[in-house]
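Just below is one structure, and these are the notes that go with it.
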Amino acid sequence: MFKLWVRLIKENHLVKDTVIADDTNDTRTHKVFNSIDKACYEFDLGRPIWLDSTVKDFKAHSKARFTTDSFIEQVDFDYMEIQILEED
């Protein structure tokens, strides 16, 4: 089972969070992107843009932050953080 924890942080406080589970046979990359899409839909957000620094952090730590610069629309939080909790 693959689980991705997505949380929205504002002023060092947790505003919203969700855990998205994916038990499909997709690749890890597809599971990450699909989970982010589901979380963004749940939070009523557009998809974030993956910057080079975001990709580097995610590859190294299975954790990444999307700052307000990663979103096209105006957002009401400081950053969105994703973290893999469990992998197949």
> What is the minimum heavy-atom distance between Gly46 and Cys40, and which atoms define it?
Replying inline: O-SG, 3.7 Å

>> What I'd like to find out is whether the side chain of Ile36 reaches to under 4.5 Å of the side chain of Pro48, using heavy atoms alone.
In response: yes

> Rounded to the nearest 0.5 Å, how far apart are CG of Leu4 and CZ of Arg28?
Replying inline: 9.5 Å

> How many angstroms lie between NZ in Lys63 and OG1 in Thr54, if you round to the nearest 0.5 Å?
Replying inline: 14.0 Å

>> Between Ile20 and Phe43, is there shared hydrophobic-cluster membership here, with clusters defined by ILVMFWY side-chain heavy atoms closer than 4.5 Å?
In response: no

> Roughly how far, to the nearest 0.5 Å, is the CG atom of Asp78 from the CG atom of Asn12?
Replying inline: 7.5 Å

> Salt bridge check: are Arg65 and Asp57 linked by an N-O gap of less than 4.0 Å?
Replying inline: no

> Does any N or O in the side chain of Glu42 come within less than 3.5 Å of the main-chain N or O of Thr18, such that one atom is a donor and the other an acceptor?
Replying inline: no

> Shared ILVMFWY cluster between Phe33 and Val55, side chains joined below 4.5 angstrom?
Replying inline: yes

> Looking only at heavy atoms, what is the nearest atom pair of Ile9 and Phe77, with distance?
Replying inline: O-CB, 3.5 Å

>> What's the separation between atom CG in Asn34 and atom CG in Asp26, rounded to the nearest 0.5 Å?
In response: 6.0 Å

> So if you build clusters from Ile, Leu, Val, Met, Phe, Trp, Tyr with side-chain heavy-atom gaps below 4.5 Å, do Trp5 and Phe66 land together?
Replying inline: no

>> What verdict does the side-chain contact (heavy atoms from CB on, under 4.5 Å) test give for Val32 and Trp50, after you've listed the backbone C-alpha separation in whole Å, the side-chain angles of each residue and the deciding distance to 0.1 Å?
In response: CA-CA 12 Å; Val32 169; Trp50 285 80; 4.1 Å; yes

>> Can a donor-acceptor pair be found, under 3.5 Å and without considering hydrogens, that links the side chain of Asp23 to the backbone of Met1?
In response: no

>> I need the Lys3 NZ to Lys31 NZ distance, nearest 0.5 Å.
In response: 12.5 Å

>> For Asp76 and Val15: C-alpha separation, side-chain torsions, deciding distance, then whether side-chain contact (heavy atoms from CB on, under 4.5 Å) applies.
In response: CA-CA 10 Å; Asp76 190 31; Val15 178; over 6 Å; no

>> When you group the ILVMFWY residues by side-chain heavy-atom contacts below 4.5 Å and let the links chain together, are Tyr79 and Leu51 in the same group?
In response: no

>> Evaluate Arg47 against Asp37 for side-chain contact (heavy atoms from CB on, under 4.5 Å), listing each step before the verdict.
In response: CA-CA 7 Å; Arg47 290 184 201 155; Asp37 286 347; 2.9 Å; yes

> Should Met80 and Val75 be marked as a side-chain contact (heavy atoms from CB on, under 4.5 Å) after you check the CA-CA gap, both sets of side-chain angles, and the distance that decides it?
Replying inline: CA-CA 10 Å; Met80 178 174 87; Val75 293; over 6 Å; no

>> Nearest 0.5 angstrom please: Ile84 CD1 to Glu86 CD, how far?
In response: 11.0 Å

